[in-house]
Novice: 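Have a look at this one.
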There are 2 protein chains.
Amino acid sequence: MKQISTRFSIAVHTLSLIAVSPNDCTGDFIAGSVNTNPVVIRRIMGMLKKAGLVDVRPGVGGASLLKDPSQITLLDIYRAVNVTEENQLFRIHENPNIRCPVGRNIEQVLQAELRDAQSAMEQRLAQTTLADLIGRFT
Amino acid sequence: MKQISTRFSIAVHTLSLIAVSPNDCTGDFIAGSVNTNPVVIRRIMGMLKKAGLVDVRPGVGGASLLKDPSQITLLDIYRAVNVTEENQLFRIHENPNIRCPVGRNIEQVLQAELRDAQSAMEQRLAQTTLADLIGRFT
DNA sequence: CTTAGAAGTAACTAAAATGGTTACAACGGT
DNA sequence: ACCGTTGTAACCATTTTAGTTACTTCTAAG
């Protein structure tokens, strides 16, 4: 089955690190904690930057949060790294046979259901903030 | 972003067809309504069969539901076609640095949140039955 | 018993997404 | 000016899909 990219969990990890140790958070340092290649971190940092969650300084290095951890939800992070795809968790097969009653209506009927299901997941993500997570890294 | 396979929507389409026209539901007929290759349908039918949702008869052909449409939820179908993967919608990066407080705890903390989010989506899918959908194919 | 039609399945392919990697340009304090 | 860092481009191996061809197996009808 298809799974949601580790970009999401890496982004949460990255933001947690920045929140916990505001100093020394270079891409290489974060990559060391995540245990991956620094370029992977830079790519994700670029998405977080574009989403307005972090400020990254070229040259000198180091990142800082642009919002308080209590104001950043998992949904914010999820949306930041799931680029380019607007809103579609589920795919629906295309071009069903419109001469068939089922084929003619399946897309519209299913889309409403799947949108609701996706929304249920996202609303759950919106309930947890970065601050909530940090509190559990005892 | 990764999306959930069209296997799911095709499976819903397939079961709807079987429920609406219990006769003549051969793989080729279903493939004609879905507008894909018959082998794709046979593969999905095999999964639905293994999940105990349909009975398919080799030789003569034709499929029939093993449960009433009001007893088949979208979650049942979702689970039937998302084979082999047990329960993981989200992936979490592996082998974080355990010498880092964040790296040491991120997996456990995140896993609880993501499980809840996935569960929220699945519970929404469980609220809709095949009978609900069929009623909308006017 | 034979045959036609259908399911079951293996094997191959193209396309897309992912995550890792190397390489290099651009930037900015010290 | 230098050094460490960010920002990207380019490339690659792996995985997942979904479509396709081809072949075997099965069952009912003739």
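Since the model is a prediction, treat every value here as computed from it, not as a measurement. Letters go in sequence order (proteins before strands), and every chain restarts at 1.
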Novice: Name each donor-acceptor pair under 3.5 Å that joins a side chain in residues 39-50 of chain A to protein atoms two or more places apart or in another chain, with its distance.
Specialist:
none

Novice: Can you tell me the distance, in whole Å, between the CD atom of A/Glu94 and the C1' atom of D/dA18?
Specialist: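 Value for this atom pair: 12 Å.
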
Novice: Would you please name every residue forming a salt bridge (Lys or Arg N to Asp or Glu O under 4.0 Å) with A/Arg124, sequence neighbours left out?
Specialist: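 A/Arg124 satisfies salt bridge (Lys or Arg N to Asp or Glu O under 4.0 Å) with B/Glu113, B/Asp116 once adjacent residues are dropped.
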
Novice: Without decimals, in angstroms, what is the distance between A/Asp24 CG and D/dT6 P?
Specialist: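 Interatomic distance, CG of A/Asp24 to P of D/dT6: 11 Å.
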
Novice: What pairs of donor and acceptor atoms, side-chain ones from residues 67-76 of chain A against any protein atom, are under 3.5 angstrom apart with sequence neighbours left out?
Specialist:
{"residue": "A/Asp68", "atom": "OD2", "partner": "A/Ser70", "partner atom": "N", "Å": "3.0"}
{"residue": "A/Asp68", "atom": "OD2", "partner": "A/Ser70", "partner atom": "OG", "Å": "2.6"}
{"residue": "A/Thr73", "atom": "OG1", "partner": "A/Leu75", "partner atom": "N", "Å": "3.3"}
{"residue": "A/Thr73", "atom": "OG1", "partner": "A/Asp76", "partner atom": "N", "Å": "3.1"}
{"residue": "A/Thr73", "atom": "OG1", "partner": "A/Asp76", "partner atom": "OD2", "Å": "3.2"}
{"residue": "A/Asp76", "atom": "OD2", "partner": "A/Thr73", "partner atom": "N", "Å": "2.9"}

Novice: Report yes if a side-chain nitrogen or oxygen of A/Thr6 is closer than 4.0 Å to either non-bridging phosphate oxygen (OP1 or OP2) of C/dG19; otherwise report no.
Specialist: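 For C/dG19, OP1 or OP2 has a side-chain N or O of A/Thr6 closer than 4.0 Å.
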
Novice: Using whole Å, what does the distance between atom P of nucleotide D/dT15 and atom CD of A/Gln3 come to?
Specialist: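 For the pair A/Gln3 CD and D/dT15 P, the rounded distance is 13 Å.
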
Novice: Can you measure B/Ile30 atom CD1 to D/dG19 atom C1' for me and round it to whole angstrom units?
Specialist: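 Roughly 17 Å, once rounded to whole Å.
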
Novice: Return the value, rounded to whole Å, for the distance between atom CG of B/Asn82 and atom P of D/dT16.
Specialist: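 Distance, rounded to whole Å: 12 Å.
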
Novice: Is any side-chain nitrogen or oxygen of B/Ser5 closer than 4.0 Å to OP1 or OP2 of D/dT17?
Specialist: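 So the side chain of B/Ser5 is outside the cut-off, no N or O lying under 4.0 Å from OP1 or OP2 of D/dT17.
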
Novice: Once you round it to whole Å, what is the distance between C1' of D/dT21 and CG of B/Asn37?
Specialist: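 Computing the B/Asn37:CG to D/dT21:C1' distance gives 9 Å.
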
Novice: Could you list the protein-to-nucleotides 6-9 of chain C atom pairs, N/O on both sides, closer than 3.5 Å?
Specialist:
{"residue": "C/dA7", "atom": "OP1", "partner": "B/Gly27", "partner atom": "N", "Å": "2.8"}
{"residue": "C/dA7", "atom": "OP2", "partner": "B/Gly27", "partner atom": "N", "Å": "3.3"}
{"residue": "C/dG8", "atom": "OP1", "partner": "B/Lys49", "partner atom": "NZ", "Å": "2.6"}
{"residue": "C/dG8", "atom": "N7", "partner": "B/Arg42", "partner atom": "NH1", "Å": "3.2"}
{"residue": "C/dG8", "atom": "O6", "partner": "B/Arg42", "partner atom": "NH1", "Å": "2.8"}
{"residue": "C/dT9", "atom": "O4", "partner": "B/Arg42", "partner atom": "NH1", "Å": "3.1"}

Novice: Has A/Ser119 got a side-chain atom pairing as donor or acceptor with A/Arg115's backbone, closer than 3.5 angstrom?
Specialist: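 The answer is no, because no donor-acceptor pair under 3.5 Å joins these two groups.
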
Novice: Could I get the full list of salt bridge (Lys or Arg N to Asp or Glu O under 4.0 Å) partners for A/Glu107, not counting sequence neighbours?
Specialist: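 Residues passing salt bridge (Lys or Arg N to Asp or Glu O under 4.0 Å) with A/Glu107: none at all.
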
Novice: Suppose we screen for side chain to side chain contact (heavy atoms under 4.5 Å, CB included). Which residues come up paired with B/Arg57, at least two apart in sequence or across chains?
Specialist: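 Partners of B/Arg57 by the side chain to side chain contact (heavy atoms under 4.5 Å, CB included) criterion, ordered by chain and then number, come out as B/Asp55, B/Val60.
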
Novice: Figure out the CD1/C1' separation between A/Ile10 and C/dA17, and round it to whole Å.
Specialist: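 That distance rounds to 14 Å.
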
Novice: Check the distance between D/dA18's P and A/Arg91's CZ and give it to me in whole angstrom.
Specialist: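 From A/Arg91 CZ to D/dA18 P: 5 Å.
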
